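Since the model is a prediction, treat every value here as computed from it, not as a measurement.
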Amino acid sequence: MSYLIAKDTVNGAEGKIFVTRSNRNVEVCGMKNITTNAEIQSSDMRVIGTRKIQDKPNGSKLTGTGNIYYGSNGSNMWRDMVLQYINTGVMDEFDIQITNQDPTTSMGSQVIAYYGCHLTGTIPLSILNSEEAMLSYDFNFVYTDVAMLQGFSDPAQLGG
């Protein structure tokens, strides 16, 4: 039986995040984490003649979450989008490109782009907290399209 060798596990801190907004491409510094999800939605299907309940996929909900250090360039960008929305009623869309790139693995890089993103939920405009030495906050977003620009290759060697 083959197995993955430890050196080919991907270090979660090795990578980059770029946000494109208003034709400006910015590398986001100060991000603690970011996760994107595709939730497959489905409906139950029942038919006469069986007690089996079948399942039919009928859509996907595309969401993301992140945590960022307060005051970093990405944090300021999110705040500016919220203030623009409050003042004008216009919520900017943006694109995100996430690259996993751990040079210690034999699998290369993975680059995925998320298009038509906009913020959802709560974004803090100001934070003070005497208990925290490094302020950060969570944020949420949705996106309308996704593309894998580059995928990981298979590991060069497996254990066995």
Side-chain angles (χ1 to χ4, degrees), residues 3-44 55-86 88-127 129 132 134-156 158:
Y3 57 88
L4 182 66
I5 298 174
K7 71 176 183 166
D8 279 328
T9 57
V10 179
N11 182 329
E14 296 287 349
K16 294 181 179 187
I17 301 163
F18 287 92
V19 172
T20 303
R21 175 182 171 222
S22 303
N23 295 320
R24 189 168 161 241
N25 198 26
V26 176
E27 183 174 4
V28 179
C29 302
M31 190 80 72
K32 289 175 65 174
N33 62 58
I34 190 166
T35 301
T36 56
N37 298 297
E39 177 187 331
I40 305 301
Q41 299 184 342
S42 60
S43 299
D44 288 347
D55 188 85
K56 182 175 182 177
N58 61 18
S60 58
K61 184 172 184 178
L62 308 174
T63 62
T65 61
N67 185 281
I68 192 164
Y69 285 107
Y70 183 69
S72 65
N73 69 335
S75 172
N76 294 335
M77 183 171 32
W78 303 151
R79 183 204 57 231
D80 293 347
M81 285 184 208
V82 170
L83 289 172
Q84 176 181 317
Y85 179 70
I86 291 168
T88 68
V90 176
M91 174 58 77
D92 268 359
E93 284 193 350
F94 54 94
D95 301 329
I96 297 176
Q97 182 175 300
I98 300 173
T99 302
N100 294 95
Q101 189 171 25
D102 182 348
T104 66
T105 73
S106 67
M107 300 179 303
S109 301
Q110 174 180 276
V111 181
I112 300 183
Y114 303 88
Y115 303 106
C117 305
H118 71 266
L119 296 171
T120 62
T122 303
I123 303 293
L125 300 178
S126 297
I127 303 174
N129 185 338
E132 295 292 330
M134 293 181 277
L135 295 172
S136 67
Y137 65 87
D138 296 321
F139 65 94
N140 300 301
F141 62 96
V142 296
Y143 56 98
T144 58
D145 204 2
V146 58
M148 182 171 300
L149 305 180
Q150 178 179 337
F152 288 120
S153 60
D154 291 335
L158 295 174

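- Checking side-chain atoms of Asp102 against main-chain N and O of Asn11 turns up a donor-acceptor pair under 3.5 Å.
- Around atom CZ of Phe18, more than 12 heavy atoms belonging to other residues, nucleotides or ligands sit under 6.0 Å away.
- Side chain of Ser60 to backbone of Ile40: no donor-acceptor contact under 3.5 angstrom is found.
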Could you go through the side chain to side chain contact (heavy atoms under 4.5 Å, CB included) check for Ile96 and Phe141 one step at a time? CA-CA 11 Å; Ile96 297 176; Phe141 62 96; 3.8 Å; yes
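- Side-chain contact between Thr65 and Phe139 is absent, with no heavy atoms from C-beta onward closer than 4.5 Å.
- Judged by distance alone, the side chains of Thr105 and Asp8 never bring a donor and an acceptor atom under 3.5 Å apart.
- Taking CG from Asp95 and CZ from Arg21, the interatomic distance works out to 12.5 Å, rounded to the nearest 0.5 Å.
- The number of heavy-atom neighbours closer than 6.0 Å to CD of Gln110, taken from other residues, nucleotides and ligands shown, is above 12.
- What you find for Ala156 and Ser106 is that their closest heavy atoms are N-OG, 2.9 Å.
- Side-chain contact between Trp78 and Val19 is present, with at least one heavy-atom pair separated by less than 4.5 Å.
- Taking OG1 from Thr120 and CE from Met91, the interatomic distance works out to 8.5 Å, rounded to the nearest 0.5 Å.
- Looking at Ile98 and Ile112, their side chains never come closer than 4.5 Å, going by heavy atoms from C-beta outward.
- Side-chain contact check for Tyr70 versus Ser136: every heavy-atom pair is 4.5 Å or farther apart.
- In this structure, Phe152 and Val10 have side chains that are in contact, with non-hydrogen atoms separated by less than 4.5 Å.
- Interatomic distance, CD of Gln84 versus CG of Asp92, reported as 4.0 Å (0.5 Å rounding).
- The structure places CG of Leu119 at 9.0 Å from CG of Asn140, a figure rounded to the nearest 0.5 Å.
- Of all non-hydrogen atoms in Tyr143 and Asn37, the two that sit nearest each other are OH-O, 3.0 Å.
- Distance check: Thr144 OG1 to Glu93 CD gives 6.0 Å after rounding to the nearest 0.5 Å.
- Between Gln150 and Ser109, the shortest heavy-atom distance links the atoms NE2-O, 3.5 Å.
- Residue Asn129 holds its CG atom at 12.5 Å from CE of Met134, rounded to the nearest 0.5 Å.
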Could you go through Phe94 and Met77, starting from their C-alpha distance and side-chain angles, then the distance that decides it, and tell me whether this counts as side chain to side chain contact (heavy atoms under 4.5 Å, CB included)? CA-CA 11 Å; Phe94 54 94; Met77 183 171 32; over 6 Å; no
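- In the model, Tyr114 has a side-chain atom that pairs as donor or acceptor with a side-chain atom of Thr36 under 3.5 Å.
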For side chain to side chain contact (heavy atoms under 4.5 Å, CB included), just list the numbers for Leu158 and Ile5, CA-CA rounded to whole Å, side-chain angles, deciding distance to a tenth of an Å, and then say yes or no. CA-CA 6 Å; Leu158 295 174; Ile5 298 174; 5.7 Å; no
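- Taking the side chain as every heavy atom from C-beta outward, Ile68 and Val28 approach each other to under 4.5 Å.
- Put simply, the side chain of Asn73 gets close to the backbone of Cys29: a donor and an acceptor are under 3.5 Å apart.
- A donor-acceptor distance shorter than 3.5 angstrom exists from the side chain of Thr88 to the backbone of Val90, with no hydrogens or angles considered.
- When all heavy atoms of Ala113 and Tyr115 are compared, the pair lying nearest together is CB-OH, 3.3 Å.
- Between Pro103 and Glu14, the closest heavy-atom pair is CD-OE1, 3.9 Å.
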